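A short worksheet on the structure shown next.
Numbers here simply count residues along the sequence, with the first being 1. Side-chain atoms are counted along with the backbone in the values below, which use heavy atoms only and exclude waters and symmetry mates. All of these numbers come straight from a predicted model, not from anything done at the bench.
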Amino acid sequence: MATLLNPTKTQTLFVSLPKTHFLDSSYSSSSSLYSTFSLQIKSPFRRKTVSFNLTCKLKTSKGPKNNGKDISKKIILSDSGPPEIRNEEIQGEVSKSGGGVLVVVKRLPRRALAVLSNLSLAIGEMFTIAGLMAVGTIIDQGETPEFYFQKYPEDSPVLGFFTWKWVLTLGLDHMYSSPIFLGMLVLLAASLMACTYTTQIPIVKVAKRWNFIQSTDAIRKQEFSDTLPKASVRDLGILLMGAGYEVFLKGPSLYAFKGLAGRFAPIGVHLAMLLIMAGGTLSAAGSFRGSVTVPQGLNFVTGDVLGPSGFLSIPTEAFNTEVHVNRFYMDYYDSGEVSQFHTDLSLLDLQGKEVMRKTISVNDPLRYGGITMYQTDWSFSALQILKDDEGPFNLAMAPLKLNGDKKLFGTFLPVGDTNSPNVKGISMLARDLQSIVIYDQEGKFAGVRRPNSKLPIEIDGTKIEIVDAIGSTGLELKTDPGVPIVYAGFGALMLTTCVSYLSHAQVWALQNGTEVIVGGKINRGKDDFLEEMNQLLDQVPEIVESSLSRQPDSASG
């Protein structure tokens with residue numbers, strides 16, 4: 001076009017973008033392309049506007065692929081595009097990156113950054129952490145020193161060397177808050193931040209730039225390359241936009257990309273892992289735990305039960321809350337086995353005012369002020385009876401040892417002279433709160449009674465009535481400030497992992513006379529990319545006839 005216009009040195013040429021119209025929407029092989037150009041020529045003496053038409057025939061091997069999608073996006077034109085990017089510039093971005101949590105990493109020497117960002121070191125750190133977690137699963141956690149003295153004695157070491165000294169010296173009895181475990185987490189976090197700073201951030205910065213290629217040889221060296229004879233780079237840009245690419249034009253050069261979010265995914269994965277490790281560390285070193293067994297009708301203070309698990313454990317105002325056990329009861333199967341147990345709890349503030357009330361059960365805890373109360377166990381506290389219509393008397397129930405996991409509780413009611421050295425009495429046994437088995441002074445079976453049945457039983461001249469069976473609830477209390485952080489980390493990890501599967505595709509094109517040289521590459525899904533590019537290039541219209549040759553030479557003014 002420039003050879004036809006030949007503007008003089010004192011003239012300024014303004015060319016508006018062509019308005020392209022497809023006369024035949026079916027894209028058949030005989031379709032025509034009609035374009036209107038408007039030119040303005042300025043000189044010190046006059047200003048003249050010249051209009052001319054360009055009519056072309058289109059050749060395509062396949063029909064349209066846009067399926068009615070609107071591709072009326074803008075091609076961004078740049079009079080001064082950014083410089084070309086060489087591979088060496090990725091390393092050059094290291095000195096410019098940083099900010100946020102990486103500001104500490106930025107201050108480290110380059111040699112330290114190179115060591116920390118080593119992939120083999122990071123993999124070794126992850127395997128070491130996994131091994132420590134396995135050891136923490138094998139060794140009982142949170143037991144008293146006497147427990148480890150007996151289980152890992154010096155006279156009979158495990159594997160010939162492992163004794164209680166290893167457990168207590170290295171902190172293996174509280175593995176997840178021990179210095180060795182937390183130190184490995186810190187080292188892995190440093191490796192992740194160093195890798196993000198030295199590799200991932202520079203790659204993203206380079207990927208965000210417009211990377212025009214001015215050499216046909218460089219374009220042909222890409223993973224995919226092709227040559228379109230008698231084609232326009234602008235028509236290729238319109239088709240690329242319809243396929244979801246961001247398209248940039250600078251003179252005869254074109255650069256397009258899509259899937260840039262996939263380049264950010266590794267950074268998101270690293271940040272998600274840092275969140276998970278930070279939350280896990282806070283849970284291990286900043287939480288409180290405790291358990292208590294409370295009879296029905298009694299109270300306890302949460303701060304008296306909860307004990308710190310690490311140096312980051314800080315009590316809150318909720319630790320002053322008093323808990324009252326209103327009622328404890330159990331549900332049973334038809335066979336008589338316990339199916340579920342419930343506890344009705346009231347929470348009281350310092351003034352004794354009830355601030356919350358809830359009936360909890362297994363898998364239905366109570367949460368208040370960052371404290372979670374779980375229903376974990378139960379016990380038999382006392383048996384309330386009437387003796388010869390006197391009382392009621394509360395007889396303490398003691399747990400009895402049995403082979404197996406079944407529970408059995410028992411109590412003893414003295415009969416006769418309680419000061420005698422050979423005191424005799426009535427024995428009562430129970431496996432749960434719904435029935436009491438009674439034995440006489442000789443140990444013979446006397447009968448079975450249910451609490452609140454109001455059915456007395458007479459044994460050796462003594463009348464006994466079972467009034468009530470008072471149970472005890474087993475509660476486990478804990479605070480875990482790291483749980484929301486861990487959940488957020490795993491949510492981010494799942495999201496960024498899905499985003500990482502997005503392919504980052506780049507396309508370059510250069511108008512070389514009437515030819516368009518096209519090249520491209522992608523970081524994954526190469527076969528799909530080749531198929532997509534072939535389909536797009538088949539749709540690029542081929543210019544086979546031009547009306548420019550019939551325009552008068554007066555177009556030059």
Side-chain angles (χ1 to χ4, degrees), residues 90 93-134 136 171 174-208 260-287 309-314 370 479-502 504:
I90 294 179
E93 290 290 342
V94 173
S95 60
K96 303 177 183 178
S97 304
V101 295
L102 302 177
V103 67
V104 178
V105 182
K106 185 177 180 180
R107 298 177 181 177
L108 294 175
R110 289 192 175 184
R111 180 171 297 181
L113 289 175
V115 173
L116 287 173
S117 60
N118 184 270
L119 179 60
S120 300
L121 176 63
I123 294 175
E125 292 165 355
M126 295 181 68
F127 273 105
T128 302
I129 293 173
L132 292 175
M133 294 175 66
H174 52 282
M175 171 64 74
Y176 305 108
S177 59
S178 63
I180 184 173
F181 185 80
L182 296 180
M184 289 304 303
L185 288 181
V186 171
L187 186 59
L188 179 58
S191 295
L192 289 174
M193 288 189 290
C195 178
T196 302
Y197 176 76
T198 60
T199 304
Q200 301 302 332
I201 290 180
I203 288 178
V204 170
K205 286 191 173 184
V206 170
K208 289 172 62 178
L260 185 60
R263 288 295 189 183
F264 288 92
I267 298 177
V269 170
H270 289 181
L271 293 178
M273 294 180 66
L274 290 174
L275 280 177
I276 294 172
M277 290 188 292
T281 301
L282 187 58
S283 295
S287 60
S309 61
F311 61 94
L312 296 177
S313 300
I314 301 176
T479 65
D480 197 342
V483 167
I485 302 176
V486 172
Y487 285 174
F490 274 108
L493 183 62
M494 291 187 290
L495 177 62
T496 53
T497 300
C498 295
V499 173
S500 67
Y501 284 97
L502 295 177
H504 179 234

At what distance, to the nearest 0.5 angstrom, does SG of Cys195 lie from CG of Leu113?
11.0 Å
Minimal non-hydrogen separation, Met175 against Phe181, with atom names
O-CB, 3.2 Å
Can you find a side-chain donor-acceptor pair between Asp480 and Ser287 that sits under 3.5 Å?
no
List for me each residue that meets side-chain contact (heavy atoms from CB on, under 4.5 Å) alongside Ala278, sequence neighbours excluded, and say none if there are none.
none
Pairs where residues 272-281 contributes a residue and the test side chain to side chain donor-acceptor pair (under 3.5 Å) is met, not counting sequence neighbours:
none
For residues 121-128, which side-chain donor-acceptor pairs fall under 3.5 Å, sequence neighbours excluded?
from	atom 1	to	atom 2	distance (Å)
Glu125	OE1	Ser191	OG	3.0
Glu125	OE2	Ser191	OG	3.1
Thr128	OG1	Gly124	O	2.8

Partners passing side-chain hydrogen bond (donor to acceptor under 3.5 Å, both in side chains) against Ser177 (at least two apart in sequence or in another chain):
none
Decide yes or no on side chain to side chain contact (heavy atoms under 4.5 Å, CB included) for Leu116 and Leu187, but give the supporting numbers first.
CA-CA 8 Å; Leu116 287 173; Leu187 186 59; 4.0 Å; yes
Nearest heavy-atom neighbours spanning Tyr176 and Gly136:
OH-C, 3.8 Å
What's the shortest heavy-atom distance between Ser309 and Ala285, and which atoms?
OG-C, 4.3 Å
Per the side chain to side chain donor-acceptor pair (under 3.5 Å) rule, what does the pair list look like for residues 268-278, sequence neighbours excluded?
Thr196-His270
Given Gln200 and Phe264, is the side chain to side chain contact (heavy atoms under 4.5 Å, CB included) satisfied, shown in steps?
CA-CA 8 Å; Gln200 301 302 332; Phe264 288 92; over 6 Å; no
If you measure from CG on Leu132 to CG on Leu182, what distance do you get to the nearest 0.5 Å?
10.5 Å
Working to the nearest 0.5 Å, report the span between CG of Leu192 and CD1 of Ile267.
12.5 Å
Side-chain donor-acceptor pairs of residues 486-498 under 3.5 Å, sequence neighbours excluded:
from	atom 1	to	atom 2	distance (Å)
Thr496	OG1	Ala492	O	2.7
Thr496	OG1	Leu493	O	3.2
Thr497	OG1	Leu493	O	2.5

Would you name the heavy atoms of Met277 and Leu188 that are closest together and state the gap between them?
SD-CD2, 3.6 Å
